[in-house]
Amino acid sequence: MSKILVVFGATGQQGGSVARYVLNDPELSKQYKVRAVTRDTTSPAAKALQDQGAEVVQADVNDAASLHAAFKGAHTTFFLGAPEFGQDTFNHEMNQGISVADIAVAEGIEYFIFSTLPHVSTMSNGKYTLVAGFDAKAEVEEYIRKLPMRNAFFAPGSFMENWTGIMKPYPVGDGTYVVKRHVSPKAQLPLICTSKDTGKYVGAILAEPEKYQGKTFCSATRLYSFAEICDIISKATGKIVKYEQISEAEHLQMLPPWGGYLVQMMSYQEEYGYYGEKTKELVKWAGENARGKLTTFEEYLEQASLKLE
């Protein structure tokens with residue numbers, strides 16, 4: 001008999017990738033029945049999942065009754081918190097994650113897969129304390145590890161999708177484009193195509209849950225420097241894209257009111273490594289254990305048909 005897999009964020013990048021991967025995998029689709037959780041069951045993305053065989057249910061992480069219903073009779077879940085940027089980011093994400101985990105235990109969930117991130121404050125020895133979204137997820141992870149259910153963790157790198165959206169190079173005015181940051185052009189980011197590859201990592205856990213009990217997948221195709229990212233975008237678009245290192249003060253002026261979060265996040269990643277000093281090794285292990293070929297940044301840009309105009 002198939003086990004019910006509850007997938008949160010099922011119409012988003014991470015959850016959608018997990019749901020689609022399981023629904024389309026010959027083995028996992030027999031082992032798991034996907035229950036896709038979304039706030040809007042009438043959206044095109046929700047209907048597409050339903051057409052592929054998923055049970056689509058409405059639930060909100062702030063509505064305990066809807067969460068109890070979503071978990072009812074299920075065996076495994078993939079959960080990611082809803083990000084919040086502002087002064088109360090840490091408490092918001094912490095309370096949300098703990099509440100969902102407690103309800104999962106109450107409803108008898110046996111295996112909890114959580115989308116986590118590194119604890120920046122701890123890993124930087126208290127130097128960078130504004131990256132609340134990362135720290136909150138790490139605290140929730142530690143809480144989940146102590147609960148009476150098996151667990152595994154998916155820790156995504158920097159999203160490739162951001163480079164065709166909020167991190168897209170912008171025009172200088174002379175036909176060229178620029179990416180401006182306060183970190184060195186040699187600073188490296190572990191890039192992941194979340195919409196296509198999240199399911200390949202989580203799918204590995206679902207296929208062999210005992211093997212990956214308690215393990216964390218530091219998930220990215222590989223590390224790319226900012227200079228390399230700009231070169232790859234140049235080749236993909238046929239436009240000149242340059243990287244310009246600016247001062248921290250100049251960078252802050254370009255950002256929203258909570259920009260200190262982003263500046264400290266980048267500074268931490270440059271100084272300590274996204275996943276710490278063993279970032280490269282951790283990414284390599286995760287890639288070797290993923291279930292399927294990972295998407296390169298070049299492949300992502302080709303599929304996304306990025307245009308700079």
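Please read all numbers here as calculations on a predicted model, not as lab measurements.
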Query raised in the report: Does Thr198 offer a backbone N or O that forms a donor-acceptor pair with the side chain of Thr194 under 3.5 Å?
Result: no

Requested in this report: May I ask you to decide if Ile233's main-chain N or O and Thr237's side chain share a donor-acceptor pair within less than 3.5 Å?
Outcome: yes

Report summary line: Rounded to the nearest 0.5 Å, the OG1 atom of Thr164 sits from the CZ atom of Phe159 at a distance of 12.5 Å

Query raised in the report: Between Arg181 and Glu250, is the closest basic N to carboxylate O distance under 4.0 Å?
Result: no

Query raised in the report: Below 4.0 angstrom, N of the basic side chain to O of the carboxylate: do Asp25 and Lys30 qualify?
Result: no

Query raised in the report: Should Thr41 and Val57 be marked as a side-chain contact (heavy atoms from CB on, under 4.5 Å) after you check the CA-CA gap, both sets of side-chain angles, and the distance that decides it?
Result: CA-CA 7 Å; Thr41 59; Val57 301; 5.8 Å; no

Query - Distance in Å, Ile109 CD1 paired with His75 NE2, rounded so as to fall on 0.5 Å steps - result: 8.5 Å

Query - Under-4.0 Å salt bridge between Lys168 and Glu161 - result: no

Report task. Say whether Gln13 and Ser195, considering side chains only, have a donor N or O and an acceptor N or O under 3.5 Å apart. Result -> no

Report summary line: The reported gap from CG in Leu5 to CZ in Arg35 (rounded to nearest 0.5 angstrom) is 10.0 Å

**Report entry** Side chains of Ile144 and Phe153 in contact at under 4.5 Å (non-hydrogen atoms)
**Finding:** yes

Requested in this report: Please round to the nearest 0.5 Å and tell me the distance separating atom OG1 of Thr216 and atom CG of Asn151.
Outcome: 8.5 Å

Query raised in the report: Got a second to check how far Phe8's CZ is from Thr77's OG1, nearest 0.5 Å?
Result: 5.0 Å

Query - Test item: side-chain donor near acceptor, Asp197 and Thr295, under 3.5 Å - result: yes

Requested in this report: Return yes if a side-chain donor-acceptor contact under 3.5 Å exists between Asp174 and Thr176, otherwise no.
Outcome: yes

**Report entry** Short side-chain to backbone donor-acceptor contact, Ser234 and Val241, under 3.5 Å
**Finding:** yes

Requested in this report: Could you state whether Ile192 and Trp285 fall into the same hydrophobic cluster, counting links through intermediate Ile, Leu, Val, Met, Phe, Trp or Tyr residues with side-chain heavy atoms under 4.5 angstrom apart?
Outcome: yes

Query raised in the report: Side-chain heavy atoms under 4.5 angstrom apart, residues restricted to Ile, Leu, Val, Met, Phe, Trp, Tyr: same cluster for Leu252 and Met254?
Result: no

Query raised in the report: Taking 4.0 angstrom as the limit, do Lys127 and Glu271 come out as a salt bridge?
Result: yes

Report task. Please tell me if the side chains of Lys242 and Val179 come closer than 4.5 Å, counting only heavy atoms from C-beta onward. Result -> no

Query - Non-hydrogen side-chain atoms of Leu255 and Val263 separated by less than 4.5 Å - result: yes

Query raised in the report: Does Gln245 use its side chain to pair, donor to acceptor, with the backbone of His182 at less than 3.5 Å?
Result: yes

Query raised in the report: Side chains of Tyr224 and Phe297: closer than 4.5 Å at any heavy-atom pair?
Result: yes

Query raised in the report: Less than 4.5 Å apart, any side-chain heavy atom of Ser29 and any of Leu23?
Result: no

Query raised in the report: Thinking salt bridges, do Arg222 and Glu228 make one under a 4.0 Å N-O criterion?
Result: yes

Report summary line: Taken to the nearest 0.5 Å, the spacing of Arg20 CZ from Leu49 CG works out to 7.0 Å

**Report entry** Non-hydrogen side-chain atoms of Tyr268 and Pro118 separated by less than 4.5 Å
**Finding:** yes

Query - Glu142 and Lys146 ion-paired at < 4.0 Å - result: no

Query raised in the report: Would a 4.5 Å heavy-atom cut-off, applied to side chains only, mark Lys137 and Ser115 as touching?
Result: no

Query raised in the report: Within the side chain of Tyr272, is there an N or O that forms a donor-acceptor pair under 3.5 Å with the backbone of Asn125?
Result: no

Report task. Measure the shortest side-chain to side-chain distance between Phe217 and Asn289 over non-hydrogen atoms and say whether it is less than 4.5 angstrom. Result -> yes

Query raised in the report: Which word best sums up how the rings of Phe154 and Tyr201 line up, parallel for under 30°, tilted for 30 to 60°, or perpendicular for over 60°?
Result: tilted

Query raised in the report: Is it true that Val37 and Val105 fall in one hydrophobic cluster, defined by side-chain heavy atoms closer than 4.5 Å?
Result: yes

Report task. Answer yes if the ring centres of Phe78 and Tyr111 are under 6.0 angstrom apart, and no otherwise. Result -> no

